[in-house]
Amino acid sequence: MASFKPHAVLIPFPFQSHIKQILKLAKLLHYKGFHITFVNTEFNHQRFLRAEGSNSLDGSTDFRFETIPDGLPPSDSDASQDMRDLCEATAKNLLAPFLQLLDKLNNSHESSNVPSVTCIVADSFMPFTITAAEELKIPLVMFFTISACGLMGVKHGRHLMDKGLIPLKDESCLTNGYLENIVEGIPGMKGIRLRDFSSFVRTTDPNEFFLNFTTECTEKAVKASAILVHTFNALEQDVLDGLFLEYPRVYSIGPLQLLLNQVKEPSMKSVKHNFWKEETQCLAWLDSKAPNSVMYVNFGSLAVLTEQQLLEFGMGLANSKQHFLWIVRPDLVTGGSAILPKEFTELSEGRGFIASWCPQEEVLNHPSTGGFLTHCGWNSTLESLSAGVPMLCWPFFGDQTTNCRFACKEWGIGMEIDNDVKRDEVENLVRELMEGERGKKLKNKAMELKKLAEKATGPNGSSRVNLDKLVNEQYNQKLLNYQKTVAQNIKPQRRSMASFKPHVVLIPFPFQSHVKQLLKLAKLLHNKGFHVTFVNTEFNHQRFLRAEGSNSLDGSTDFRFETIPDGLPPSDPNASQDMRGLCESTANNLLAPFVQLLDELNESSSAPPVTCIVADAFMPFTITAAEELKIPLVMVFTLSACGILGIKNCRHLMDNGLIPLKANGYLENIVEGIPGMKDIRLRDFSSFIRTTDPNEFFLNFTTECTEKAVKASAILVQTFDALEQDVLDGLSLVCPRVYSIGPLQLLLNQVKEPSMKSVKHNFWKEETQCLAWLDSKGPSSVIYVNFGSLTVLTEQQLLEFGMGLANSKQNFLWIVRTDLVTGGSAILPKEFTELSEGRGFIASWCPQEEVLNHPSIGGFLTHCGWNSTLESLSAGVPMLCWPFFADQPTNCRFACKEWGIGMEMDNDVKRDEVENLVRELMEGERGKKLKNKAMEWKKLAEEATGPHGSSRVNLDKFVNEVLLH
């Protein structure tokens with residue numbers, strides 16, 4: 001099985017802060033099943049061993065450390081290497097040894113059970129890895145260990161050059177206020193000054209090395225398959241939105257430590273990331289101090305001070321009379337030694353602790369730590385924020401100036417210390433942070449951001465979701481490679497590119513409304529590169545051919561229609577089959593022919609093996625089929641989320657003695673305890689509960705189907721988050737992964753060249769003449785009437801609706817199916833014809849979505865089937881609701897009470913009520929309000945299916961996490 005593991009090679013830039021975060025990411029990937037190779041330079045590898053012990057990097061069988069030379073001459077083994085030399089060395093010296101290492105790893109596949117390398121995760125300041133990934137033809141993920149704002153600032157170095165803002169004209173620009181100029185046009189960074197950009201912009205030299213090196217690295221990163229940023233959405237959403245426009249897929253995945261904290265038994269926990277040995281005695285000293293009483297001081301692993309700066313910080317801390325823990329590295333002072341005067345020692349006696357290095361995250365999360373004096377490196381900033389600790393900011397170089405600006409001005413968690421540090425300012429700011437009113441405000445804000453960071457890394461949090469997306473995509477790449485390997489070992493006639501395609505088999509419940517939505521989903525999956533097999537019953541297949549033509553279901557080489565028998569006796573070919581008979585038949589008769597079909601598909605030389613089943617949730621026999629084939633099963637509910645949750649909770653109603661029914665007037669009772677469905681009445685549940693029979697067939701059939709659906713790998717719901725968020729949250733508690741992916745038609749509308757566009761989904765032939773009739777009517781002047789594909793009326797109900805429409809004096813388009821009237825014929829009296837002459841059009845079927853989106857349509861009289869409800873809402877058309885059966889009462893309640901887009905019509909329909917409600921909808925004040933609300937929902941539906949919208953994101957997640965995993 002090791003050979004099937006995805007193998008990620010991670011290589012950080014050789015700075016401690018960068019290594020720290022990429023090592024955390026490596027641990028998370030290892031925990032999620034990856035084989036890991038972590039690559040350090042030989043110099044840094046030796047520093048780790050000296051700090052942590054000679055066995056500290058032994059790793060494990062599937063987490064290994066490797067080294068490559070940096071090509072630099074020997075230097076002080078306890079000090080950071082020269083930064084410019086290191087940057088030049090990574091660009092010039094590392095490609096060849098890195099490629100050699102990758103070859104070694106790939107060639108050790110057989111001898112040491114190491115899987116071949118499937119992905120490189122590289123520090124974004126190591127652009128030579130682009131060449132390596134291209135040579136191996138594997139994905140490259142680039143990781144920015146800096147903030148999103150820091151990245152955006154560096155990325156726009158070229159923008160500043162092109163605008164003539166840099167290089168500076170002369171040295172006077174550093175002091176004459178020039179750096180205070182506001183820079184426009186940087187996404188998500190409104191009001192940013194020139195001085196807030198990377199310190200590298202403060203130069204008069206157009207060839208300044210660090211300015212050009214960092215800018216070029218951020219520009220080259222666009223060649224990566226994906227970009228990781230160590231931040232979280234709630235902190236930097238506006239900047240991240242800007243980055244989405246600049247780069248390929250961008251994933252915010254921080255704070256990584258908070259993600260690691262949630263791993264119950266973290267692998268490789270003992271592996272640390274320090275160049276200096278931690279002096280953990282400081283933790284015992286902190287234990288002796290009161291809560292929030294200690295100022296922690298650390299300038300990171302690269303910042304250096306002059307002796308004078310060291311003195312100013314030291315005396316300021318001593319004079320503040322606050323407790324402090326100060327990290328003074330052996331190489332902190334440039335060109336001198338970190339020696340403080342006797343006066344400092346005397347003033348701070350008993351209040352200060354100086355160490356050469358410490359476990360920073362433990363220190364920041366210690367209850368005695370009340371503030372952090374920091375250089376504003378991104379690791380330190382994010383770790384402080386994650387611990388709820390406010391900051392004093394003294395940025396040293398690079399992106400730290402940008403982090404400082406955002407910490408102080410945007411996030412409200414810091415105060416800046418002047419670059420020309422003086423002891424009096426240090427003293428005053430330390431006191432203010434630890435004791436003053438402003439310090440209290442900063443602390444409160446830091447605690448708010450701490451909670452947001454925890455939320456981002458918690459269940460369903462943005463960073464956790466993004467990390468899972470990244471992981472799934474890399475597993476998918478491994479799966480595709482695996483399929484190619486398998487293809488080389490199977491019989492020649494199957495060795496084609498088709499065998500590399502994922503193959504999804506979709507099977508709807510044999511109702512037109514269900515077939516319609518699964519066929520739309522099939523088209524979307526086909527557009528995303530899937531081989532599709534769509535399975536109808538033989539009866540429905542013939543209905544399609546009669547309605548759309550004998551060639552209408554020919555399909556294509558990678559979108560095929562297949563049939564299985566439903567086991568029912570022959571019936572009227574132009575009418576819907578008996579519902580109970582159909583439900584019983586799907587449960588009893590379809591498993592055997594479906595499994596036989598799957599076997600035939602897997603044996604076929606013209607199609608790839610089946611990799612997943614996508615089944616209607618009311619076809620639970622597919623659970624057995626998926627288990628037999630050991631492939632994922634996805635269940636699709638073509639109902640609303642509220643409709644599903646209502647049916648799902650019928651067992652709750654039974655257990656609480658609410659059903660079967662016992663008394664009259666009982667249906668108005670409020671039912672408590674249904675997530676997301678506050679104040680729902682018993683009458684708002686599925687019509688199947690309206691029974692005194694505990695063995696009522698449809699009640700038990702639908703309830704059992706929703707209960708069995710939990711066995712699926714995932715659940716799809718044809719809705720969108722903004723419409724049913726509370727209900728979806730409730731569903732997520734009782735079902736496996738739930739993806740809201742509607743409205744499907746709006747997703748299809750955005751496909752530029754939709755495959756299989758000509759394939760329709762009608763059991764009756766569409767009478768498109770109605771569209772020409774609509775063209776002749778004024779805007780919003782026609783009420784559209786359609787009771788769907790299953791509803792049946794009595795002759796009296798038909799008459800009441802007809803006369804109500806005629807008497808309303810409104811234009812109407814009425815769909816009267818050939819089987820609409822039960823036990824009779826759909827014949828209306830002469831009076832109806834005379835009253836509605838010139839104002840009505842009756843058709844047996846129509847292209848409903850075209851009708852609803854026609855400008856002449858002003859309202860929809862509907863049975864509240866979910867397809868019709870969602871299509872009406874998506875078109876911005878208000879409704880008159882006459883629910884017939886099943887989940888339709890629930891949809892009606894939500895349309896009228898929760899979403900404000902409908903008015904309910906009494907079940908005992910009367911012509912006067914029809915007349916009055918039609919007039920009110922088309923001409924009245926209430927109708928105008930419903931129209932406005934429907935238009936609001938239309939916009940939200942379009943947002944949900946647009947770029948970065950919830951349904952589009954969910955569809956992509958579903959494909960990556962379930963179908964390709």
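Atom set for the values below is all heavy atoms of this structure, side chains included, hydrogens, waters and symmetry mates excluded. If you're wondering where the values come from, they're calculated on a predicted model, not measured in any experiment.
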Ring centers of [X], [Y] separated by less than 6.0 Å:
X: H863; Y: F884; answer: no
X: F559; Y: F534; answer: no
X: H514; Y: F511; answer: yes
X: W814; Y: F801; answer: no

Rounded to the nearest 0.5 Å, how far apart are [atom1] of [X] and [atom2] of [Y]?
X: T638; Y: L716; atom1: OG1; atom2: CG; result: 11.0 Å
X: S844; Y: K765; atom1: OG; atom2: NZ; result: 10.0 Å
X: D616; Y: C705; atom1: CG; atom2: SG; result: 8.5 Å
X: F621; Y: N589; atom1: CZ; atom2: CG; result: 10.0 Å
X: I680; Y: E672; atom1: CD1; atom2: CD; result: 11.0 Å
X: C583; Y: M619; atom1: SG; atom2: CE; result: 10.0 Å

Which heavy-atom pair separates [X] from [Y] by the least distance, and what is that distance?
X: D721; Y: S950; answer: OD2-CB, 3.4 Å
X: T869; Y: W899; answer: CG2-CZ3, 4.3 Å
X: I644; Y: L639; answer: CG1-CB, 4.0 Å
X: R817; Y: L790; answer: NH1-N, 3.8 Å
X: C770; Y: L813; answer: CB-CD1, 3.8 Å
X: W937; Y: F720; answer: O-CZ, 4.1 Å

pair [X]-[Y]: side-chain heavy atoms closer than 4.5 Å:
X: L774; Y: I857; answer: yes
X: L748; Y: K523; answer: yes
X: T702; Y: C650; answer: no
X: I507; Y: V614; answer: no
X: I631; Y: C612; answer: no
X: L661; Y: L682; answer: yes
X: F688; Y: I647; answer: no
X: V505; Y: F594; answer: yes

With a 4.0 Å cut-off on N to O distance, would you call [X] and [Y] a salt bridge?
X: E668; Y: R681; result: yes
X: E925; Y: K929; result: no
X: K678; Y: E898; result: no
X: R580; Y: E584; result: yes
X: K910; Y: E915; result: no
X: E904; Y: K897; result: no

message: Run K648 and E707 through salt bridge (charged side-chain N to carboxylate O under 4.0 Å, His left out) and show every step you take.
response: CA-CA 7 Å; K648 182 82 172 65; E707 291 172 338; 5.7 Å; no
Verdict with reasoning, L955 to L521, per side chain to side chain contact (heavy atoms under 4.5 Å, CB included): CA-CA 10 Å; L955 179 62; L521 176 60; 4.3 Å; yes
Of L921, L852, I901, the residue whose pairing with F860 passes side chain to side chain contact (heavy atoms under 4.5 Å, CB included): L852
task: Let me know which of T692, L699, T691 forms a side chain to side chain contact (heavy atoms under 4.5 Å, CB included) with I659.
output: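 For I659, the side chain to side chain contact (heavy atoms under 4.5 Å, CB included) test succeeds with only one of T692, L699, T691, which is L699.
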task: Take Y784 and F812 through the test ring-ring contact (aromatic ring centres under 6.0 Å, His included) and record every step on the way to the result.
output: CA-CA 6 Å; Y784 169 55; F812 62 87; over 10 Å; no
query: Can you list the steps and then say if T719 with S640 is a side chain to side chain contact (heavy atoms under 4.5 Å, CB included)?
result: CA-CA 6 Å; T719 188; S640 60; 5.8 Å; no
How about [X] and [Y]: does a side-chain donor come under 3.5 Å of a side-chain acceptor?
X: E936; Y: N932; value: no
X: D684; Y: T890; value: no
X: Q745; Y: S874; value: no
X: D566; Y: S585; value: no
X: S740; Y: E724; value: no

N/O donor-acceptor pair under 3.5 Å between [X] side chain and [Y] backbone:
X: E766; Y: T768; value: no
X: W882; Y: D906; value: yes
X: T703; Y: N700; value: no
X: T537; Y: N540; value: yes

- prompt: Can Q888 and S687 be said to form a side chain to side chain contact (heavy atoms under 4.5 Å, CB included), step by step?
  reply: CA-CA 8 Å; Q888 295 162 14; S687 66; over 6 Å; no
- request: May I have the step-by-step check of salt bridge (charged side-chain N to carboxylate O under 4.0 Å, His left out) for K520 and E849, ending in yes or no?
  value: CA-CA 13 Å; K520 289 182 179 181; E849 282 159 301; 2.7 Å; yes
field: Crowding at NZ, K455 (>12 non-hydrogen neighbours, <6.0 Å)
entry: no
task: Carefully, step by step, assess V792 and V821 under the rule side chain to side chain contact (heavy atoms under 4.5 Å, CB included).
output: CA-CA 5 Å; V792 290; V821 175; over 6 Å; no
